[in-house]
Trainee: 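Sharing a structure below in structure tokens format, with a few things to ask.
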Amino acid sequence: MTEMVDFLMVGGGLASAQAARSIREVGAPGRVVIISAEAELPYNRPPLSKGYLQGKEARESIVVKDQPFWDEHQVEIISGRVATGLNRAARAVTLDDGRVFTYGKLLLATGSEPRKLNVPGGSLAGVHYLRTVADSTAIREAASKAKKAVIVGGGFIGAEVAASLDVGGLDVTLLIGDDLLLGRQLGAAAAAYLMSYFKPKGLNLVTKAQATEFTGSGQVAGVRLQDGRDFEADLVVAGVGVTPRTALAEAAGLPIDNGVVVDAQLRTSDPDIYAAGDIANFPDERYGRRFRIEHWDHAKASGKTAGLNMAGQARPFDHLHYFFSDMFDLGLEAWGDMYRTDEVIERQASTREAGHPAWYYLNEGRVVAGAIVNGSKEERTAMQELLKAKPEATGDMRKELAEGKA
Ligand SMILES: Cc1cc2nc3c(=O)[nH]c(=O)nc-3n(C[C@H](O)[C@H](O)[C@H](O)COP(=O)(O)OP(=O)(O)OC[C@H]3O[C@@H](n4cnc5c(N)ncnc54)[C@H](O)[C@@H]3O)c2cc1C
């Protein structure tokens, strides 16, 4: 049976949810449907490695909006169903239960999936990855019975899960691939600060650690490193990056290049198909190049823009990139292009000691990104305003940034 839908979203994450909301907010008429592989309402993933994992946030509190909201806004959510085919000529999406939906406008927002470690012992019980609420629930349950956890990966997921399990009273070892926690994401200066923040918390931080085997029979008993070191574990969580889910778009012949390639209005090469969130590779005029971003705020903002454009607007996506992370009582926030920088100005020790360290990132003499820890409202606003302007870092400005006066 074929059903007609005016606005169809494939993927039941934040990007689709925001697109559906903005279509309704501008009063676009017609049927709006979200297809979600997970048997859940669209929800926020950040708590999965933080409050929800620690048992401090309830399942109901992480949803983007509850069922009455979607009912009231006439957004249909078909959950627990996978879109298996996209036929662009017929403007049709097929589901795994055989249903077919034709669309007026289609959004692809299929998100990411965790990269798996291809090592011996990878399928032992007790080895976990984290992407969904079901994954987080399983880790939470395993943690309630475990004593020793080994976390593989010194990126955001690894750092946050390590902090959450440490708060929960486990003996935690965090395996970091290179020298510094979050070194690739934040650069050496901010990462060195984070290492110094994590060290007194009592976790075992192991650098230059490449996991090559999960040991044990049936149930994981430890992690072996390339250099022969062994770490005991009855719970392992690996956070070693994600891959964008582009298979549906690729099979339909849409251009793929590190994600689904879209234009400034988040439209693919097919004018009736948009992409948003983790899978979208979009041009950014502010920085004069393309990005693919795997962050919550990006999913929210790009979903909103895609929805407005699907509803007939022609808005360029020009959102200032932003991400946040929470570890113990440290709240880290960053804006701008953290991905291509050649110099860092660090606030001087006096502001660091006051608990508000900040870093400004430069590219070819311009301030292109900034990160701050536990920033006040004023500090955060000032940083965003500065970064929107992307100013040239003159001598005076460098001095002000370093002294915390900018
Ligand atoms: C544990 C965790 C913690 C995070 N913490 C932070 C944080 O602190 N700060 C931050 O900025 N970002 C954070 N993120 C990243 C942020 O959550 C993601 O960038 C965001 O969820 C991306 O949204 P999305 O809608 O693009 O995709 P997703 O949230 O991945 O949603 C995509 C959905 O589409 C479904 N789907 C895929 N293919 C199909 C198909 N063919 N048919 C139907 N459905 C399909 C998937 O099952 C999934 O439900 C975190 C992510 C995780 C996993």
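As a basis for the values below, the full set of heavy atoms in this structure was taken, side chains included, without hydrogen atoms, waters or symmetry mates. Start at 1 and go down the list; that is how both ligands and their atoms are numbered. Only a predicted model underlies this, so the values are computations on that prediction, with no experimental measurement involved.
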Trainee: Could you pull out every protein residue that has a heavy atom closer than 4.0 Å to ligand 1, ordered by chain and then number?
Mentor: Val10, Gly11, Gly12, Gly13, Leu14, Ala15, Ile35, Ser36, Ala37, Glu38, Arg45, Pro46, Leu48, Ser49, Lys50, Arg81, Val82, Ala83, Ala109, Thr110, Gly111, Ser112, Leu130, Arg131, Ile157, Glu160, Arg245, Gly277, Asp278, Glu294, His295, Trp296, Ala299, Phe323, Phe324
Trainee: Are Phe328 and Phe198 an aromatic pair by the rule of ring centers under 6.0 Å?
Mentor: yes
Trainee: Determine, using ring centers only, whether Tyr322 and Trp296 are less than 6.0 Å apart.
Mentor: no
Trainee: Mind checking whether Phe291 and His321 have ring centres under 6.0 Å apart?
Mentor: yes
Trainee: Within 45° of the ring axis of Tyr129 and under 6.0 Å from its six-membered ring centre, is that where the NZ or CZ of Lys116 lies?
Mentor: yes
Trainee: Taking the six-membered ring for Trp and the single ring otherwise, decide whether the centroids of His319 and Phe282 are under 6.0 Å apart.
Mentor: no
Trainee: Between Leu130 and Pro114, is any pair of side-chain heavy atoms under 4.5 Å apart?
Mentor: no
